[in-house]
Amino acid sequence: MEPIKVGLLGFGTVGSGTFTVLRRNQEEIKRRAGRGIEVARVAVRNPAKAMAQLGDAAGTVDLTTDFNAVVDDPSIDIVAEMIGGTGIAKDLVLRAIANGKHVVTANKALLAVHGTEIFEAASTKGVMVAFEAAVAGGIPIIKALREGLTANRIQYIAGIINGTTNFILSEMRERGLDFATALKGAQELGYAEADPTFDIEGVDAAHKATIMSAIAFGVPVQFDKAYVEGISKLDAIDIKYAEELGYRIKLLGIARRTDHGIELRTHPTLIPAKRLLANVEGAMNAVVVYGDAVGSTLYYGKGAGAEPTASAVVADLVDVTRLHTADPGHRVPHLAFQPDRLSNTPILPIEEVTSGYYLRLRVADQTGVMADITRILADSGISIDALLQKESEQVDAHGKAETDIILITHITVEKNVNAAIGKIEKLATVKSSVTKLRMEGLD
Ligand code: HSE
């Protein structure tokens, strides 16, 4: 049988990695897919650079700067979009679908923000949109959620799904660095982009959590409803205090089913240090999925890089090749649930989520301060799980002693904690705004 023909849009890290893996493992891949998979055309902005990367394979592909020509080419069966972002990538993906082509993409921003439009267009045309590489790079988490765990009612997903921020947090904890120094180091080592905003502000992780929430709970992708908080304001002192209390701080993407709706949130999170997830260090990714039948499962691996991401892209190319001629009604649905059976379960606003909370405040070290604070918490129905008061080491401008108090609460509703914090900050003996971090037991 003739090889299936792929048109590659973009030849950066992921595009060139995909080409390399496909070429190196072509015989093995053909044995798995049932026919060869051939990159026939590659669209790039800079052909000279791509030519150099292709080396002795340069003669095997048609290089062009005309992206539309690849998307419109009748001989191309699958368009692999490796450009990223929500601009030209969106136009090209929709155009490929309109032309009846299957799409493979690593583009989490595109699917988290415009997924509904893209999946609807694909269903109308009876083509596949595969996106394993969009979440956690080489970890087959989409396949696991969509197919491997299909028997389960998924209860929650909690993932370290951004390697850049996990690397920075590891550096902050292990080397006692502040955020800015750790970020600079990450940039020098090539982990963080020159403009690291999407990574450090939690946007990249929230895109991935949004995609996973849709597949886990059978709801549309709704990035606009996700709560997004990154690590740029995280203070090194909180990493230290958390550790003293037996916790590590990780940027988690969380999607959780509750009786009232779905929690979809990304933020720095305290996790008990004994949990496997707490021990995922450096740029690695890991995702915990809890299903009612299977219990807790953990997926670990490289979330970025040329060949780990290509591993996911090529797996999608093989899936699409196998199912190319199947009746669209018999393929696995894009978002795991049948498109006409998606649920309108609401995504909860952050004030309605429940969590444990870590609170740090600087107070005057004098009689009755702790009693005032704990009374406010008790009046708000908030129970304290752990408490740490440091010996006074600092004095204020008048020579009066000050100290840090760190509290961990039992699980409670965020709006109650916010109300209590408002009252605590009004106390004359409280000298700073309250630092609030969320905590997940993951048990
Ligand atoms: N920038 C991402 C990370 C990889 O640091 O994990 C691509 O999603």
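When a ligand or atom number is given, it counts from 1 through the structure's own listing order.
Ring planes of Phe119 and Phe131: tilted class, angle from 30 to 60°.
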- Run the side chain to side chain contact (heavy atoms under 4.5 Å, CB included) check on Asp292 and Gln155 step by step: do they pass? CA-CA 7 Å; Asp292 67 339; Gln155 303 295 357; 3.8 Å; yes
- Item | Candidate pair Ile97 and Val93, rule side chain to side chain contact (heavy atoms under 4.5 Å, CB included), full reasoning | CA-CA 6 Å; Ile97 292 169; Val93 162; 3.9 Å; yes
N/O donor-acceptor pairs under 3.5 Å from side chains in residues 58-69, not counting sequence neighbours:
from, atom 1, to, atom 2, distance (Å)
Thr60, OG1, Ala57, O, 2.7
Asp62, OD2, Arg41, NE, 2.7
Asp62, OD2, Arg41, NH2, 3.0
Thr64, OG1, Asp66, N, 2.9
Asp66, OD1, Asn68, N, 3.2
Asp66, OD1, Ala69, N, 3.1

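The residues lining ligand 1, counting any heavy atom closer than 4.0 Å, are Lys108, Asn162, Gly163, Thr164, Asp199, Asp204, Lys208, Ala304.
Among residues two or more places apart in sequence or in another chain, the side chain to side chain donor-acceptor pair (under 3.5 Å) test is passed with Arg24 by Glu307.
Among residue pairs with one or both ends in residues 123-139, none qualify as side-chain hydrogen bond (donor to acceptor under 3.5 Å, both in side chains); sequence neighbours excluded.
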